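Okay, so here's the structure we're looking at.
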Amino acid sequence: MHNTSPGKRPFYKYLTPDTTLAILETQSVRYSSPLSFNDPFDIQAGLHFEFELTGLHEKIIDRIQALAASPSAPNVDSNDVWGQIVLKAREYYPTHGFNKKHWIELTTHSFAVLNKIIAVTQEQYQAQWREKLLPSIRVFCVSEERDNLLMWSHYAKDHTGAVLELWSLPEEDNLLSIARPIDYSANPFPFFTETEWIDDLTGIKKLDSNALFQNYAYAKSDLWKYENEWRVWYPDSTSGEPFDTVPLRQSEVSSIYFGCKANADFIRKAVAQCRSSFPNAKVFQAHKLSKNYGLEFAEI
């Protein structure tokens, strides 16, 4: 997953005419619940493990063998049953080597217990995400581009709305300064991989569930890749509404771009409100290019 800081840079929010006027009037934006998204898979695909239980027992034993033969002692939990198995294997290794078949037989009961733990763990993670975290999450999405024709069509009401230019300002520590880019993929990425699970089980590297949940909020189907999206999100909203209202600073809003099909009355109202709410913001009108499928912007 990316962990990229945006630095000081502009982002773009595509808006319908009504939403444009509301933002300019209230000088605020809405951070929305994922449950209201147009993509029902966005942060809602369902947590899943990458691996199947078939063959997992043997792979765990292979990892224990590698740890038993390692010249340096692994940092394992001696109070955990699998940590104890690793330590016992290391104790016997110098004199008895490692009989893989013997260790598989020896851990058959422990692995049967582990199977049940895996199923319970998966359900616990899913329940925590579905019932506790997901309903309280609020997200604000922006794009890297102001002239994406599909975005103008999908989110700015067929080019009749506007695009607001909003800045990430690290020196002011505004919310956009902690935005991260979306990771696009053909399929939902696993909550954790087989290797990560085995590393956790044997004590090599413990899973950080908070980091896993955070990464999951930045994953999206690659069918949406054209959006070039970045987002800010936070948990634990207590608003009771499917959105939180977040004020915009004067310094965050630098420009507004009206669509090439924007109504003259809408532009007049929005420009007047913009001059009042964000007097330093520049105002532009989009126009269709004649020699290619694109837009140009002329300052009003």
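Index from 1, following the sequence. All of these numbers come straight from a predicted model, not from anything done at the bench. Excluded from the calculations below are hydrogen atoms, water molecules and symmetry mates; all remaining heavy atoms, backbone and side chain alike, are included.
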Under a 3.5 Å distance rule, please check whether [X] uses its side chain to pair with a backbone N or O of [Y] as donor and acceptor.
X: Thr20; Y: Thr16; result: yes
X: Ser28; Y: Leu248; result: no
X: Ser136; Y: Pro235; result: no
X: Asp200; Y: Leu207; result: yes
X: Glu25; Y: Ala22; result: no
X: Thr121; Y: Ile117; result: yes
X: Thr193; Y: Glu196; result: yes
X: Asp222; Y: Lys225; result: no

Near [X] [atom1], under 6.0 Å, is it more than 12 heavy atoms from other residues, nucleotides or ligands?
X: Lys100; atom1: NZ; value: yes
X: Phe41; atom1: CZ; value: no
X: Lys220; atom1: NZ; value: yes
X: Tyr234; atom1: OH; value: yes
X: Arg63; atom1: CZ; value: yes

Within the structure provided, determine whether [X] and [Y] are in side-chain contact (heavy-atom separation under 4.5 Å).
X: Lys269; Y: Leu21; value: yes
X: Lys13; Y: Val29; value: no
X: Glu241; Y: Ser33; value: no
X: Phe284; Y: Ser255; value: yes
X: Lys59; Y: Ile198; value: yes

Measure the spacing between [atom1] of [X] and [atom2] of [Y] and express it to the nearest 0.5 Å.
X: Leu133; Y: Asp236; atom1: CG; atom2: CG; result: 7.5 Å
X: Leu87; Y: Glu91; atom1: CG; atom2: CD; result: 9.0 Å
X: Ile23; Y: Gln273; atom1: CD1; atom2: CD; result: 12.0 Å

For this session: With sequence neighbours excluded, tell me which residues meet side-chain contact (heavy atoms from CB on, under 4.5 Å) with Asn38.
Result: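 Residues passing side-chain contact (heavy atoms from CB on, under 4.5 Å) with Asn38: Tyr155, Trp224.
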
Exercise. For Phe297 and Phe258, what are the C-alpha separation, side-chain angles and deciding distance, and is it a ring pair (Phe, Tyr, Trp, His ring centres under 6.0 Å)?
Worked result: CA-CA 9 Å; Phe297 300 94; Phe258 293 101; over 10 Å; no

Is the [X] ring parallel, tilted or perpendicular to the [Y] ring (thresholds 30°, 60°)?
X: Trp82; Y: His57; value: perpendicular
X: Phe98; Y: Trp103; value: parallel
X: Trp197; Y: Phe192; value: parallel
X: Phe140; Y: Tyr31; value: parallel

Between [X] and [Y]: side-chain donor-acceptor atoms closer than 3.5 Å:
X: Asp158; Y: Ser153; result: no
X: Trp230; Y: Glu144; result: yes
X: Tyr92; Y: His102; result: no

Ionic contact status for [Y] with [X], cut-off 4.0 Å:
X: Asp42; Y: Arg231; result: yes
X: Arg268; Y: Asp265; result: yes
X: Lys206; Y: Asp199; result: no
X: Glu172; Y: Lys8; result: no

For the student: nearest non-hydrogen atoms of [X] and [Y], plus distance:
X: Glu52; Y: Glu194; value: O-OE2, 4.4 Å
X: Arg180; Y: Tyr218; value: CB-CE2, 3.4 Å
X: Ser36; Y: Pro242; value: OG-O, 4.4 Å
X: Gln44; Y: Asp39; value: NE2-O, 3.6 Å
X: Val283; Y: Arg275; value: CG2-NH1, 3.5 Å
X: Leu149; Y: Gly294; value: CD1-N, 4.3 Å

For this session: Let me know which of Val139, Ile178, Leu175 forms a side chain to side chain contact (heavy atoms under 4.5 Å, CB included) with Trp233.
Result: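 The passing option is Val139.
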
Problem set entry | Phe191-Tyr125 aromatic ring centre distance below 6.0 Å |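 Between Tyr125 and Phe191, which both carry aromatic rings, the centre distance is below 6.0 Å.
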
Problem set entry | Set of ring-ring contact (aromatic ring centres under 6.0 Å, His included) partners for Trp152, sequence neighbours left out |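 Per chain and number, Trp152 pairs via ring-ring contact (aromatic ring centres under 6.0 Å, His included) with Tyr14, His159.
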
Indicate every side-chain donor-acceptor pair of residues 163-170 with a distance under 3.5 Å to a residue at least two apart or in another chain.
| unit_1 | atom_1 | unit_2 | atom_2 | d |
| --- | --- | --- | --- | --- |
| Glu165 | OE1 | Tyr12 | OH | 3.4 |
| Glu165 | OE1 | Tyr257 | OH | 2.7 |
| Glu165 | OE2 | Trp167 | NE1 | 3.0 |
| Glu165 | OE2 | Ser254 | OG | 2.6 |
| Trp167 | NE1 | Ser254 | OG | 2.8 |
| Ser168 | OG | Gly7 | O | 2.5 |

For this session: Report the C-alpha separation of Ile137 and Ser237 in whole Å, then their side-chain angles, then the decisive distance to 0.1 Å, and conclude whether the side chain to side chain contact (heavy atoms under 4.5 Å, CB included) test is met.
Result: CA-CA 6 Å; Ile137 288 174; Ser237 170; over 6 Å; no

